[in-house]
Amino acid sequence: MNKIIEAINEAVGEAQRRAADAASVADLEQIRIDYLGRNGLFPELSRQMGSVPPEERKDTGRAFNAGREAIQKAMDDADKKLNAGKSKEFTGIDVTLPGRAPRTGHRHPISQLADECVAIFSRLGFTAMEGPELEDIYHNFDALNTPADHPSRDMQDTFYLTDGRILRSQTSPVQIRVMESHEPPVRIAAPGRVFRRDTPDATHGMNFHQIEGLYIDRNVSLADLKSVLQYFAREMFGKDVKIRLRPHFFPFTEPSVEYDFSCVVCGGKGCNVCKNSGWIEIAGAGMVDPNVLKNVGYDPEVWSGYAFGLGIERLAMLRNHIPDLRLLYDNDVRFLQQF
Ligand code: PHE
């Protein structure tokens with residue numbers, strides 16, 4: 001055995017030991033540089049090959065190739081081991097981190113409040129109903145005893161479609177639709193979106209939401225209406241809230257009232273929300289006009305009833321102290337996720 005073969009055998013043993021101990025890819029790279037790299041041992045031995053006597057060249061060459069392969073194999077094996085360990089230790093996910101809950105949405109505050117209103121009225125025996133947002137003039141105006149020259153029928157106040165239909169300006173047409181399709185007695189609460197050609201500002205929008213209440217039975221009185229509104233006010237704003245009715249006019253109720261709640265912000269003492277009056281206007285109501293009952297085929301001599309409307313945005317503003325109604329429709333999640 002010549003010196004070159006001895007050196008090869010020694011190098012293979014050493015390289016195998018180093019490969020087995022390698023703790024990183026960098027360690028393996030160093031092994032490659034030391035033995036197989038351009039300035040490493042094997043190229044050096046290859047240069048010395050010329051000094052080997054011809055009869056030993058064959059064996060020396062064989063040992064050289066076998067040694068190089070053995071070192072390469074030792075490095076490949078070690079590399080596989082390192083990578084296998086790595087994939088177990090680090091997968092790119094730290095399972096010990098606390099979980100990130102996916103963001104779930106929720107219903108819009110106006111929808112939540114509409115549901116709450118319906119729930120309060122349903123405790124008094126009212127059934128939830130809905131009607132179309134795209135209405136005809138008959139249901140929105142004529143059947144509600146609103147004559148053709150009434151200002152609310154003006155193009156400036158109501159959205160007209162080219163086919164003669166309109167976007168309903170109030171939820172009151174639901175009264176008509178319900179009475180047309182049901183025999184009395186009826187007791188319904190109808191939430192929904194309404195549309196008016198208002199210039200948007202802090203307290204007006206081109207579309208907003210109302211809840212319509214309607215109760216038709218024998219011997220219904222204004223006192224019944226007042227007690228229902230009083231019950232609603234207390235359920236919504238607490239037991240200290242008072243209500244008051246003021247005479248008003250609506251074409252479809254007689255007598256008609258507007259009703260106020262005592263200011264829920266200052267308790268009636270006077271503040272900027274109630275403009276120092278101590279009262280906040282909520283909406284309109286009244287005893288259903290006999291003409292309306294006739295329009296739906298109810299006998300006004302037998303049946304009577306009351307109707308009322310509620311502005312849901314107004315309730316939301318009072319309940320949550322929202323200074324500008326437009327905040328409800330800007331779709332800013334920072335605002336909406338508070339509800
Ligand atoms: N529809 C009326 C409005 O939009 C409110 C109202 C409803 C008045 C029911 C009387 C009875 O202002």
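Indexing begins at 1, ligand by ligand and atom by atom, following the structure's order. In this text the structure is predicted, and so the values were computed from the model without any measurement.
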**Message:** Clusters formed by hydrophobic residues whose side-chain heavy atoms approach within less than 4.5 Å: which one holds Phe195, and what are its other members?
**Reply:** Leu134, Phe159, Leu161, Leu167, Met206
Which pairs of N or O atoms, one from ligand 1 and one from the protein, are separated by less than 3.5 Å, and what is the distance for each pair?
unit_1, atom_1, unit_2, atom_2, d
ligand 1, 1 (N), Gln170, OE1, 2.9
ligand 1, 1 (N), Ser172, OG, 2.9
ligand 1, 4 (O), Arg196, NH2, 2.8
ligand 1, 4 (O), Gln210, NE2, 3.0

**Asked** Any donor and acceptor pair, going by atom type alone, linking the side chain of Asp154 with main-chain N or O of Gln156 inside 3.5 Å?
**Response** yes
**Request:** Just do the ring-ring contact (aromatic ring centres under 6.0 Å, His included) check on Tyr231 and Phe121 with the steps written out, would you?
**Result:** CA-CA 9 Å; Tyr231 176 82; Phe121 289 120; 8.4 Å; no
**Complete:** Residues passing the side chain to side chain contact (heavy atoms under 4.5 Å, CB included) test with Pro255, sequence neighbours excluded, are Met287
**Request:** For residues 2-58, pull every pair meeting ring pair (Phe, Tyr, Trp, His ring centres under 6.0 Å), keeping only residues two or more places apart or in separate chains.
**Result:** Phe42-Phe64
**Item:** Glu281/Lys275 salt bridge by N-O under 4.0 Å criterion
**Value:** no
